[in-house]
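Heavy-atom basis, side chains included; hydrogens, waters and symmetry copies ignored. Residue numbers begin at 1 in each chain, while the letters A, B, ... track the order of the sequences.
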Protein chains: 2
Amino acid sequence: MRLGMPETDFPGVRNLEIFSDMDEENFQSLMRGSYVQNFPPQIDLITEGDPSDFLHIVLSGSVDLFASWSGRDSSLATVRPVATFILAATIKDAPYLMSARTLEKSRIALIPSQDVRAIFDRDSNFARAIVTELSQSYRRKVKAMKDLKLRTSLERLANYLLREQGRSGGDPSFDLPFGKARLASLLGMTPENLSRAFKNLQAYGVTAAGNRITINDQADLEDFARPSPLIDDDRI
Amino acid sequence: MRLGMPETDFPGVRNLEIFSDMDEENFQSLMRGSYVQNFPPQIDLITEGDPSDFLHIVLSGSVDLFASWSGRDSSLATVRPVATFILAATIKDAPYLMSARTLEKSRIALIPSQDVRAIFDRDSNFARAIVTELSQSYRRKVKAMKDLKLRTSLERLANYLLREQGRSGGDPSFDLPFGKARLASLLGMTPENLSRAFKNLQAYGVTAAGNRITINDQADLEDFARPSPLIDDDRI
DNA sequence: CGCAGACTTGAATCTCCTCAAGCTTGGTGG
DNA sequence: CCACCAAGCTTGAGGAGATTCAAGTCTGCG
């Protein structure tokens with residue numbers, strides 16, 4: 001759906017943190033060329049190497065960012081509402097470095113990159129929001145890098161489960177948000193190895209029945225995983 | 001040295017891309033609380049977890065960014081002139097995620113983080129420069145992530161050598177910019193494994209004599225390494 | 001010359017990957 | 001209602017790659 005004038009047409013968009021402080025007129029300019037669209041699961045949204053014509057914002061659902069090289073590919077991140085992706089490519093007017101596909105039914109806003117760059121220069125509140133979002137993305141990547149280089153695959157899985165538990169409310173039982181093949185790729189291992197890793201975590205009180213995970217002994221798992229705010233805390 | 005008024009005191013700073021388009025008055029405000037300092041090699045500049053009081057800019061020399069967890073540590077990046085580091089922490093007023101130490105004798109500018117944040121809101125040219133630098137940092141991290149997750153250690157070394165060759169002017173022979181122990185950590189392997197990797201690259205015409213590397217058969221090495229602009233090109 | 005630090009080599013071990021087969025689950029059609 | 005199928009996951013065996021520990025070599029500097 002093409003976005004029109006009245007604010008009431010897209011209240012969910014106007015209230016996003018990235019737009020909330022910006023001038024109404026600038027917001028309208030941004031929206032004039034923008035779309036909000038619903039996508040089914042497993043749809044390719046962008047392909048690495050393509051020019052970055054649109055800034056994407058995930059309003060609902062979730063998106064997988066992945067990359068390929070020499071016949072291999074790997075999941076690099078999951079984008080959940082409400083967050084942008086390929087913001088850096090938009091700002092630099094450079095090609096995408098990652099491909100993106102929907103993981104589930106998702107609602108996504110598409111904003112022309114050239115408009116984002118133009119309004120950035122005119123609206124300092126928008127500029128501030130952009131730079132905050134970009135800083136957050138950067139820090140997430142640094143954390144992912146530390147996770148990958150400093151931990152074994154078993155430690156990565158243990159800490160992933162603790163983070164996912166926190167995200168889902170903190171109960172001992174929760175569901176994995178996607179299949180184990182993708183989780184394996186995200187954690188930098190093969191599906192077979194992930195399977196064995198789950199088995200190894202049973203020694204620390206972790207039970208996996210299908211996608212349902214139960215952490216039977218929180219202290220025991222945390223003692224093994226040694227989560228650190230400088231790697232695992234999404235808020236800082 | 002504390003930076004004073006006259007522009008002639010620090011022409012090297014004023015002409016940095018990040019400052020070059022900004023208003024003179026704002027530049028002066030920024031410089032009022034800033035320092036430029038020379039450090040010897042192997043000096044700890046910042047420690048992960050500390051509050052981000054100063055934005056750092058490497059004017060000459062080079063700086064190692066690294067991180068620790070559970071008794072292990074790993075090099076995550078090298079900062080060369082002219083570039084900032086810990087920009088994201090400065091913007092978000094959040095703790096450093098990485099530690100930093102000088103690799104060689106280095107000249108570094110220290111700018112109070114709160115001033116950076118304040119001037120960002122007042123000077124849109126400065127804001128644009130900041131956001132460009134931040135985008136570049138983000139994209140570098142994405143490339144590093146792809147390098148790490150999609151390539152074997154031998155492929156990472158081969159591509160590293162090709163990049164380093166390009167950076168040093170393109171000649172078949174060039175020097176590694178630091179010791180092999182740190183290179184191993186940067187590439188995500190042990191020093192022993194790096195040693196063996198160099199030996200394996202001899203099959204593709206690579207000779208290593210101390211820190212001096214010679215690529216005897218460019219085409220052969222590139223054929224093995226398969227460098228990709230979306231991972232190895234620093235400019236995009 | 002001799003020492004200290006950096007790098008290399010070797011052997012044993014461990015982790016992770018590949019390939020192949022088996023199992024489980026959910027959906028479909030008889 | 002159940003047999004069947006396909007997809008996703010698990011298990012096992014074997015092998016490739018990385019790590020560790022220990023010893024040896026090289027190099028620059030005093």
Side-chain angles (χ1 to χ4, degrees), chain A residues 40-42 64 69-75 101 103-104 147-161 175-204 206-214 224-225, chain B residues 40-42 64 69-75 101 103-104 147-161 175-204 206-214 224-225:
Chain A
Q42 309 301 333
D64 181 32
W69 179 80
S70 205
R72 297 161 223 168
D73 56 61
S74 181
S75 278
R101 83 168 68 98
L103 284 167
E104 50 188 318
D147 191 41
L148 203 55
K149 289 190 81 174
L150 292 167
R151 289 173 170 161
T152 66
S153 61
L154 196 58
E155 289 164 344
R156 286 200 296 280
L157 175 58
N159 280 291
Y160 174 86
L161 293 179
D175 286 319
L176 293 176
F178 36 70
K180 290 185 181 168
R182 203 188 90 84
L183 177 57
S185 179
L186 195 61
L187 293 175
M189 47 178 139
T190 56
E192 294 95 326
N193 197 28
L194 176 62
S195 225
R196 295 184 241 270
F198 269 116
K199 197 158 248 188
N200 288 331
L201 284 186
Q202 286 177 7
Y204 302 99
V206 174
T207 317
N211 269 10
R212 185 123 199 111
I213 307 295
T214 305
F224 168 73
Chain B
Q42 308 301 333
D64 181 32
W69 179 78
S70 202
R72 298 161 222 167
D73 56 60
S74 180
S75 278
R101 83 168 68 95
L103 284 167
E104 51 189 316
D147 190 42
L148 203 55
K149 289 191 82 174
L150 291 168
R151 288 171 170 163
T152 66
S153 62
L154 196 58
E155 289 164 345
R156 286 199 297 279
L157 175 58
N159 279 291
Y160 174 86
L161 294 178
D175 286 320
L176 294 175
F178 36 72
K180 292 186 181 168
R182 203 188 90 83
L183 176 57
S185 178
L186 194 61
L187 294 175
M189 47 179 140
T190 57
E192 293 94 329
N193 197 27
L194 177 62
S195 229
R196 296 184 242 269
F198 270 117
K199 196 158 251 190
N200 288 332
L201 283 186
Q202 285 177 8
Y204 301 99
V206 174
T207 317
N211 270 10
R212 186 124 199 110
I213 307 296
T214 304
F224 169 72

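Residue B:Thr190 places none of its side-chain N or O atoms closer than 4.0 Å to OP1 or OP2 of D:dT20. Between A:Lys199 and the phosphate of D:dT10, there is no side-chain N or O to OP1/OP2 separation shorter than 4.0 Å. Distances shorter than 4.0 Å separate some side-chain N or O of B:Ser153 from OP1 or OP2 on D:dA18.
When rounded to the nearest whole Å, the span between CG of A:Leu187 and P of C:dC16 equals 12 Å. Note: CG (B:Leu103) to P (C:dA6) measures 14 Å, nearest angstrom. B:Arg182 has its CZ atom 12 Å from the P atom of C:dC7, to the nearest Å. Whole-Å rounding puts the B:Phe198 CZ to D:dG17 P distance at 18 Å. With rounding to whole Å, A:Leu194 atom CG is found 14 Å from D:dT11 atom C1'. In this structure, the CG atom of A:Leu183 is 11 Å from the P atom of D:dT10, given to the nearest Å. What separates CG of A:Leu176 from P of D:dG8 is a distance of 15 Å, to the nearest Å. Computed from coordinates, the A:Met189 CE to D:dG17 C1' distance equals 18 Å when rounded to whole Å.
Where A:Asn193 and B:Ala181 meet DNA chain C, the nucleotide closest to each residue was compared, and B:Ala181 sits on the side nearer the 5' end.
A donor and an acceptor atom sit less than 3.5 Å apart, one in the side chain of A:Glu192 and one in the base of C:dC19. The base of D:dG12 sits with one of its N or O atoms less than 3.5 Å from a complementary donor or acceptor on the side chain of A:Arg196.
B:Asn159 contributes a side-chain N or O that, together with a main-chain N or O of B:Glu155, makes up a donor-acceptor pair within less than 3.5 Å. B:Lys149 places a side-chain N or O within donor-acceptor distance of the main-chain N or O of A:Ser75, the cut-off being under 3.5 Å. Panel note: side chain A:Arg156, backbone A:Arg151; a donor-acceptor pair is recorded below 3.5 Å.
Contact check on B:Lys180 versus B:Glu192 returns no salt bridge, with no Lys/Arg side-chain nitrogen under 4.0 Å from an Asp/Glu carboxylate oxygen.
Taking the six-membered ring where the residue is Trp, B:Phe178 and B:Tyr160 present tilted rings, their angle falling between 30° and 60°.
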